[in-house]
Every structure is written in C-alpha cells, then in structure tokens.
Amino acid sequence: MSTQTKTPSVISAKPRIVVLLGDPSGVGPEMAVKLLARQRNLDAARVLLIADPAVLAEGERVAGVKLDPLQVDSLDELRFEDGRPSLYLRDWMEGEAPVLGESNERSGRASFEALEYATVTVRRGQADAILFAPLNKHSLRLGGLTHEDELRYMQERFAVTGFVCEFNLTGSLWTSRVTSHIPLKDVASHITVEGVGDAVKIIAQALRRAGVAQPRIAVTGLNPHAGDGGSIGMEEIEIIAPAIEKLRAEGYDARGPFSPDTVFIGARRGDVDAVVSMYHDQGQIAMKLMGFEQGVTLHGGLPVPVATSASGSAFDIAGKGIAQIEGLQQAFDLCVRMASGGAPVRAPTETATA
Ligand SMILES: NC(=O)C1=CN([C@@H]2O[C@H](COP(=O)(O)OP(=O)(O)OC[C@H]3O[C@@H](n4cnc5c(N)ncnc54)[C@H](O)[C@@H]3O)[C@@H](O)[C@H]2O)C=CC1
Ligand SMILES: NCC(=O)COP(=O)(O)O
C-alpha cells in the first residue's frame, strides 16, 4: 500500500466521512475496500479510513484491489486530498491476520476500538458522518461491548439522552421499531404507549427532513393478526391502539395497528411512507426479502448520519471475494447526501435504497 503524498489539489467542502472496515473476520473489509476502490466515491466525499493494517491488507487481498491512501499519523494531523482516502492506522490486531469466518475476541476488540475512534473524530469535529462495513454483534460482545448494540454504544458516546432507533430502508420505504436487539421473550414487556410514540415520532421527523411533509405511518400490532380483537393477546387494545390515538391527536398520521404479516403488502404498494414494527424481525424479514442487496440501516437519533448495509458479517462467504456491496454503496451515498446538508434523505431510485 502506497502512502506517498501526491501533490495536493484544492480541497472542496465535500462531507468528511469516516469509513470503518467492520468485523475483521467477516466480509466487511472486502466490502469497504471494494467501495473505496470506486473513484466516484472518493470524488464525492473526503474519506477517512480508520483501520488496522493487517485487516486492511486482508481486505485488499480478498477484494483483489490495492488502495492508494494518504496516511496520517495522528488525528491532530488529519488532512485530506481530493480523490484519495486518508488512512489512520491503529494496530488493534497486534500484527495478527484476522481469522476468517468466526466470532472471536480479537476481531471484536478491533471492531469495537474502530467504532470508538469514529465517535472520537465526530466529537472532535473532524467528521460529518460515519459509514461502517458490517459488524458482528457476538464478536463485539467478546471484544468488550456491554451495550445492547453498537447504536446504544454510540448513543452513550455522543451523550444522546433521547430515543434512538435503527431505520431500515429499502427503496422509498422506511421502517423503525419499538424494540431492537433484545431477546424475543422480553419484547412484550417493552411495548409501551411511550415507546410506540417514540418510534413513530422519530421516523416522522426523519421523513419530514427528507421532504415528506405529512408522513403516513403504519403501526403493526404485536400479536398474530394484531390480536384479532383481543383473542390472541391484549397489547393492541391496551397499548398500541391508545398510542396511535394519542399520536393522531398530536397531528401524526399514524395508522393501525395492522397485522404484522400483511402490513407490508400495502406498504410495498406505496400506501404508507413508513412502517413502525414492535420488534426487529417483524420489519426486517419483510424488508430484507424486498431488497436485501440494496438495504441500508441508518442509526436514527444520533448527531451525525451513521449508516451501514442491511447485510451482516456473512461469515459463510468471508474470504471468498464474492461479497456484494450495493447496500454499503447505498449507505455511503446516503451519508454523502445527509452530511452535505439540505439534500433530501430519500431513495435515489425506487429500486435503490437510501
Ligand atoms: N451492517 C451491519 O453491521 C449488520 C450486521 N449484522 C450482524 O451480522 C451478523 C450475521 O448476521 P446474519 O443475520 O447471519 O446475516 P448476514 O447478512 O451476515 O448473512 C445472511 C446471508 O446473506 C448472505 N450475505 C450477507 N452479506 C452478503 C454480501 N455482502 N454479499 C453476498 N451475500 C451476502 C450471507 O452469505 C448469508 O447467506 C450478526 O452478528 C448481525 O448482528 C447484521 C446486519 C447488518
Ligand atoms: N447496527 C446495525 C445493525 O444492527 C443492522 O442490523 P439490523 O438489526 O438493523 O438488521
């Protein structure tokens, strides 16, 4: 990898995006290298890649591409050149090449440390957005994460006290969820009027910023067939319907509760702009079936855009060089648009995801 300094060209006010390689044992490094090998991405933003050298080398080997970064020795000396990624190396793997295709503590620690550095650059005012290639939550836990997930970790690092929530986007359809990465057995006890309200309000606000003046939001039930009039559970009658009523009284176009298995039929038709689900898989199974390859996860409620692909660490294909990057590309494009300010946070096309 060359670290030669090229003659600097004029630096524009392009957004500064921190890019992370994701879990070293998965497809993340390969995906990130493939992404940064696309010159148009380097022309669209000022990219700071924060990486372990052994992980980057492995990503380059698998992707079959060598990057030409501008190496910076410390964040105090951070600088950018047009059309070229800046690279800040940290030796988290202690010189060891990643073991591919499994969760392990070393990879988890490296992913976790990278995440921390990314939040530091934002807190220092050196980055406008964060894009990470797929992480692996089990590895993160082995590496020291004690939070529910990376979003709740970043929430703490950014001192955000309000509600945060993953948005999953496929085409022009958005989803948010009342609960996220918690065991299914705990979901019901976390469904509250306030929680439903938060999940609707956060996505309504994001959609308004994206140019949808009065977002139409479908809310799912918790139980099969949305409880079927109370015969399969009472959460719809006692919690979700009252939450929707309250939201409507406050001016939100919230609708439902709808049967979780069929709500996406109308949503796919364009009947609503967003679906708020009660738990992860109610939304994600539908969304991933509709557009796994282009899917994006945006971390709502943080001070800067933080995005990643809807696809994960894919241990089963790590090292094979076949990982697709369309979702990560869409996530990168979304970071560029959002961090550029003013540009609508919308899907660029119906099939693509933002
Ligand atoms: N962007 C992120 O950070 C995400 C991380 N995850 C994490 O990833 C881990 C594994 O999650 P799973 O649910 O097993 O899903 P996964 O997305 O890693 O894999 C599901 C299936 O899709 C295929 N696949 C995934 N990415 C692909 C790509 N880029 N190109 C071609 N095929 C691909 C895999 O080979 C596998 O058959 C978990 O720890 C999860 O938390 C999951 C989703 C997003
Ligand atoms: N934080 C990224 C992430 O968890 C993406 O996966 P998903 O839970 O939204 O499917």
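Along the sequence shown, the residues carry numbers beginning at 1.
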Which side-chain N or O atoms in residues 297-307 pair as donor and acceptor under 3.5 Å with protein atoms at least two apart or in another chain?
| unit_1 | atom_1 | unit_2 | atom_2 | d |
| --- | --- | --- | --- | --- |
| T297 | OG1 | N168 | ND2 | 2.9 |
| H299 | ND1 | V306 | O | 2.8 |

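- Using a 4.0 Å cut-off between charged nitrogen and carboxylate oxygen, D128 and R46 do not count as a salt-bridge pair.
- In the hydrophobic cluster analysis, where Ile, Leu, Val, Met, Phe, Trp and Tyr join through side-chain heavy atoms closer than 4.5 angstrom, L20 is grouped together with F158.
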(request) Under the side-chain contact (heavy atoms from CB on, under 4.5 Å) rule, what do R109 and E94 come out as? Steps first, then yes or no, please. (result) CA-CA 11 Å; R109 206 172 46 241; E94 296 161 324; 3.9 Å; yes
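- In terms of the side-chain hydrogen bond (donor to acceptor under 3.5 Å, both in side chains) criterion, residue partners of Q329 (sequence neighbours excluded) are, by chain and number, R38, N41, D333.
- Note on V276 and V212: same hydrophobic cluster, where clusters join Ile, Leu, Val, Met, Phe, Trp and Tyr whose side-chain heavy atoms are under 4.5 Å apart, directly or indirectly.
- Here the CD1 atom belonging to I285 is positioned 12.0 Å from the CE atom belonging to M290, to the nearest 0.5 angstrom.
- Closest of all the heavy-atom pairs between A204 and I217 is CB-CD1, 3.7 Å.
- For H147, the ring-ring contact (aromatic ring centres under 6.0 Å, His included) criterion is met by Y153, not counting sequence neighbours.
- With hydrogens and angles ignored, the 3.5 Å screen pairs a side-chain donor or acceptor of R141 with a backbone N or O of E148.
- V19 and L42 fall within the same hydrophobic cluster, defined by Ile, Leu, Val, Met, Phe, Trp and Tyr side-chain heavy atoms under 4.5 Å apart, directly or through other members.
- Applying the 6.0 Å contact sphere to CD of Q214 captures more than 12 heavy atoms from other residues, nucleotides or ligands.
- Using a cutoff of 4.0 Å between basic side-chain nitrogens and carboxylate oxygens, R177 and E166 are scored as salt-bridged.
- The CG atom of L78 sits 5.5 Å away from the CG atom of L48 when rounded to the nearest 0.5 Å.
- Two residues are said to be in side-chain contact when any heavy atoms from C-beta on lie closer than 4.5 Å; R124 and T121 fail this criterion.
- A donor-acceptor distance shorter than 3.5 angstrom exists from the side chain of K34 to the backbone of G321, with no hydrogens or angles considered.
- Separation of atoms CG (D43) and CZ (R40) is listed at 10.5 Å; rounding is to 0.5 Å.
- Under the ring-ring contact (aromatic ring centres under 6.0 Å, His included) criterion, Y88 pairs with Y117, not counting sequence neighbours.
- Remark: the backbone N or O of G221 is paired with a side-chain donor or acceptor of Q282 at under 3.5 angstrom.
- Between L87 and L56 the shortest side-chain heavy-atom distance falls below 4.5 Å.
- Remark: Y279 pairs with no residue by the ring-ring contact (aromatic ring centres under 6.0 Å, His included) rule, at least two apart or across chains.
- Proximity of D149 to S180: side-chain heavy atoms (C-beta onward) are separated by under 4.5 Å at one or more points.
- Minimum interatomic distance between L328 and A133 (heavy atoms only, all atoms of both residues): CD1-CA, 4.0 Å.
- With respect to E236, the side chain to side chain contact (heavy atoms under 4.5 Å, CB included) criterion is satisfied by exactly one of L222, V219, I244, D228: L222.
- With contacts defined as side-chain heavy-atom distances shorter than 4.5 Å, the pair L131/T308 does not qualify.
- Between R255 and D253 there is a salt bridge, with a side-chain nitrogen of the basic residue lying less than 4.0 Å from a carboxylate oxygen of the acidic one.
- Each of V62 and V99 belongs to its own hydrophobic cluster when Ile, Leu, Val, Met, Phe, Trp and Tyr are linked at side-chain heavy-atom distances under 4.5 angstrom.
- With E30 contributing its side chain and I322 its backbone, the two residues share a donor-acceptor pair below 3.5 Å.
- For the atom pair CD1 (I203) and OG (S176), the distance works out to 4.0 Å, reported to the nearest 0.5 Å.
- Salt-bridge formation is detected for the pair E150/K137: a Lys NZ or Arg NE/NH1/NH2 atom is positioned less than 4.0 Å from an Asp or Glu carboxylate oxygen.
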(message) If you apply the rule side-chain contact (heavy atoms from CB on, under 4.5 Å), what do you find for K201 with L247, and how did you get there?
(response) CA-CA 8 Å; K201 286 175 188 176; L247 285 159; 3.8 Å; yes
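- Within 6.0 Å of atom NZ in K246, 12 or fewer heavy atoms from other residues, nucleotides or ligands are found, so the atom counts as exposed in its surroundings.
- Of all heavy-atom pairs spanning D271 and R216, the tightest one is O-NH1, 3.1 Å.
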Residues 188-199 side chain polar contacts: donor-acceptor under 3.5 Å, at least two apart:
| unit_1 | atom_1 | unit_2 | atom_2 | d |
| --- | --- | --- | --- | --- |
| S189 | OG | D186 | O | 3.0 |
| H190 | ND1 | D186 | O | 2.8 |
| T192 | OG1 | G195 | N | 2.8 |

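- Heavy atoms only, all atoms of each residue included: G101 and A318 are closest at N-CB, 4.1 Å.
- The closest donor-acceptor contact from the side chain of N136 to the backbone of S139 lies under 3.5 Å.
- Between R61 and E58 there is a salt bridge, with a side-chain nitrogen of the basic residue lying less than 4.0 Å from a carboxylate oxygen of the acidic one.
- Of the charged side-chain nitrogens involved, none lies within less than 4.0 Å of a carboxylate oxygen, so that R90 and E113 do not count as a salt-bridged pair.
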(request) Would you check, one step at a time, whether the test side-chain hydrogen bond (donor to acceptor under 3.5 Å, both in side chains) holds for N104 with S25? (result) CA-CA 8 Å; N104 58 71; S25 297; 3.2 Å; yes
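- Without hydrogens or angle criteria, D52 side chain to V55 main chain gives a donor-acceptor distance under 3.5 Å.
- Using a 4.5 Å cut-off on side-chain heavy atoms (C-beta onward), M287 and T170 make contact.
- Follow the hydrophobic side-chain contacts under 4.5 Å out from F132 and you reach V160 in the same cluster.
- Considering only heavy atoms from C-beta on, H280 stays 4.5 Å or farther from T179 through its side chain.
- Going from atom OG of S309 over to atom CD of Q294 covers 12.0 Å, rounded to the nearest 0.5 Å.
- Atom CG in D68 sits 9.0 Å away from atom CD in E81 (nearest 0.5 Å).
- Side-chain atoms of R209 and Q205, non-hydrogen and from C-beta on, do get closer than 4.5 Å to each other.
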